[in-house]
Protein chains: 2
Amino acid sequence: MTKEVSSQDIEAAEALFRDFLRDRGLKYTPERRMLLLEVLNTPQHFEAEQLLIAMRQSGKRVAKATIYRTLPLLAECGIIKQVQFEDNLARYEPILGQAPHDHMVCGQCRRIIEFDSSEVATLRDEIAARHRFVAAGHRFQIIGLCSACSEAEGKERPDATQVQGEELSYEL
Amino acid sequence: MTKEVSSQDIEAAEALFRDFLRDRGLKYTPERRMLLLEVLNTPQHFEAEQLLIAMRQSGKRVAKATIYRTLPLLAECGIIKQVQFEDNLARYEPILGQAPHDHMVCGQCRRIIEFDSSEVATLRDEIAARHRFVAAGHRFQIIGLCSACSEAEGKERPDATQVQGEELSYEL
DNA sequence: ATCCGTGCAAAGTCTTTGCAAATTA
DNA sequence: TAATTTGCAAAGACTTTGCACGGAT
């Protein structure tokens, strides 16, 4: 279930990032490139720490400070996006070729299910318009119980394998 | 523009909190009572620090640790609710007699506008059902520009007074 | 050559925790 | 009386920052 990233996507991302940096008088350093590649390889949400560990395992060494300094840049140029869950922790997710989506979080097993956000965006724009507000984006999250947990109601936590359907789901 | 809290509301809240505590073998201490009252008096969002300062000004002294320990209790019994904005800071808002609402945040002036969340809840339930997910709640936020800021586009930050309409709005 | 970036460690924020003394039920 | 709370300070988790050296244009 690993998200595939084509070499085309990688090139596009690199071009995007490089141009973004150049336009601001910033440099495309090996560290930034390594981070970009690592991020593109990350199937889902991640936080600074996880990225650091993953990189160490592939022998790519960067200081944590560099990660903290680079993530905002990647977010600003639209390669990744910050997402918030209950724990107030800075998480990010790659969004480059991804269709806009929001998340459903199971309060029991912490499983996260993504769903297309177009309807939400439509409603968002309607509501915003009513208040003479110009919507640029939104943050939406449904909290509840996934099918497995609502069926198990009261029983022990079902293990992840028994519920993997065709749905894109993963854990916090 | 201060939200009025009737003595009835206060009594109801106290009863709620007291019962909640009793049911769990916890005690209704003067500190918890002071915090409850202070929270009910807070018109909008607040964070631990603000609460502490507000209380000091009214001569009510409690340790910050007590605040951090009490807020989750008030949230658990439905008197307040945690809300998240961009900065990953623990904010809360009183929700006792309030109609469910979500927020619109102006990325320019940080003004926050509340809006009824019933439509969002409806859409949420539809989406959840499609994924065999049982929705218990949601977190929704529209990010964009408020009317004042979108008109001022590119100019300096409009000051809060010039845009106070009938809308409930306040700042982060 | 100049300005930017990295690493490292120190400093910051916000939040949680350990403990002894003080309270509540 | 027995168990919970509080206040205080120390500890924690996560993030930011200062600085000297190294690297990019």
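Chain naming here is simple, since letters A, B, ... match the order of the sequence lines and numbering starts at 1 in each.
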Which donor-acceptor pairs under 3.5 Å do the side chains of residues 70-85 of chain B make with protein atoms, sequence neighbours left out?
from: B/T70; atom 1: OG1; to: B/T66; atom 2: O; distance (Å): 2.7
from: B/E76; atom 1: OE1; to: B/R24; atom 2: NH1; distance (Å): 3.2
from: B/E76; atom 1: OE2; to: B/R24; atom 2: NH1; distance (Å): 2.6
from: B/E76; atom 1: OE2; to: B/R24; atom 2: NH2; distance (Å): 3.2
from: B/Q84; atom 1: NE2; to: A/F85; atom 2: O; distance (Å): 2.7
from: B/Q84; atom 1: NE2; to: A/N88; atom 2: OD1; distance (Å): 2.6

TODO: Using the test side-chain hydrogen bond (donor to acceptor under 3.5 Å, both in side chains), find all partners of B/S118 that sit at least two apart in sequence or belong to another chain.
DONE: B/D116
Open item on the list: If you assign B/R32 and B/A65 each to the DNA chain D nucleotide with the nearest heavy atom, which residue ends up on the more 5' nucleotide?
Closed with: B/R32
TODO: In whole angstrom, give the distance that lies between atom CG of A/D87 and atom P of C/dC14.
DONE: 18 Å
Task: Test side-chain hydrogen bond (donor to acceptor under 3.5 Å, both in side chains) applied to A/E126 - qualifying residues, sequence neighbours left out - done: none
Task: Rounded interatomic separation in angstrom, taking CD from B/E47 and P from C/dC14 - done: 7 Å
Open item on the list: Give me each pair satisfying salt bridge (Lys or Arg N to Asp or Glu O under 4.0 Å) with a member in residues 32-55 of chain B, each pair once, sequence neighbours excluded.
Closed with: B/E14-B/R33, B/E38-B/K60, B/E47-B/R91, B/E49-B/K64
TODO: State, yes or no, whether a side-chain contact exists between B/F46 and B/P94 at a heavy-atom distance under 4.5 Å.
DONE: yes
Open item on the list: Tell me the interatomic distance from B/Q50, atom CD, to C/dT15, atom C1', rounded to whole angstroms.
Closed with: 16 Å
- [ ] May I have the distance from A/F17 (atom CZ) to C/dG5 (atom P), rounded to whole angstrom?
- [x] 10 Å
Open item on the list: Can a donor-acceptor pair be found, under 3.5 Å and without considering hydrogens, that links the side chain of B/H131 to the backbone of B/A129?
Closed with: no
Task: For DNA chain D, stems built from three or more consecutive Watson-Crick or G-U wobble pairs below 3.5 Å - done: C:1-25 with D:1-25
Task: Close residues, residues 18-31 of chain B, relative to DNA chain D [heavy-atom separation under 4.0 Å] - done: B/G25, B/L26, B/K27, B/T29, B/E31
TODO: Please list, by residue number, the residues of residues 66-74 of chain A whose heavy atoms come closer than 4.0 Å to an atom of DNA chain C; answer none if no residue qualifies.
DONE: A/T66, A/R69
Open item on the list: Rounded to whole Å, how long is the line connecting atom CZ of B/R33 with atom C1' of C/dT24?
Closed with: 15 Å
Open item on the list: Quick check against the 3.5 Å criterion: does A/S117 have a side-chain atom that pairs as donor or acceptor with the backbone of A/P100?
Closed with: yes
Open item on the list: Run A/E93 and A/H45 through side chain to side chain donor-acceptor pair (under 3.5 Å) and show every step you take.
Closed with: CA-CA 5 Å; A/E93 67 178 1; A/H45 307 142; 2.8 Å; yes
TODO: Return the 5'-most residue of the pair A/V62, A/N88 with respect to DNA chain C, ranking by each residue's nearest nucleotide.
DONE: A/V62
TODO: May I ask you to say whether A/R110 pairs ionically with A/E86, meaning some side-chain N is under 4.0 Å from a carboxylate O?
DONE: yes
TODO: Measure up the A/F115 and A/F140 rings against each other and bin them: parallel (under 30°), tilted (30 to 60°), perpendicular (over 60°).
DONE: perpendicular
TODO: Walking along DNA chain D from 5' to 3', note the first and the last nucleotide with an atom under 4.0 Å from a heavy atom of chain B, and give both.
DONE: D/dA3 to D/dC8
Task: Any pair counted as salt bridge (Lys or Arg N to Asp or Glu O under 4.0 Å), so long as it reaches residues 140-150 of chain B, sequence neighbours left out - done: none
Task: All side-chain contact (heavy atoms from CB on, under 4.5 Å) counterparts of A/A135, not counting sequence neighbours - done: A/R124, A/D125, A/A128, B/I142
Between side-chain atoms of residues 16-23 of chain B and protein atoms elsewhere (two or more places apart, or another chain), which donor-acceptor pairs fall under 3.5 Å?
from: B/D19; atom 1: OD1; to: B/R22; atom 2: NH2; distance (Å): 2.8

Open item on the list: Would you say that B/L123 contacts A/E119 through its side chain, given a criterion of any heavy-atom pair below 4.5 Å between the two side chains?
Closed with: yes
Open item on the list: What is the separation between atom CZ on B/R91 and atom P on C/dT13, rounded to the nearest whole Å?
Closed with: 16 Å
Open item on the list: Can you list, in residue-number order, the parts of residues 53-61 of chain B that come under 4.0 Å of DNA chain D, counting heavy atoms only?
Closed with: B/R61
- [ ] Find out whether A/I143 and B/R139 are in side-chain contact, i.e. whether some heavy atom of one side chain is under 4.5 Å from a heavy atom of the other.
- [x] yes
Open item on the list: What I'd like to find out is whether the side chain of B/I113 reaches to under 4.5 Å of the side chain of A/F133, using heavy atoms alone.
Closed with: yes
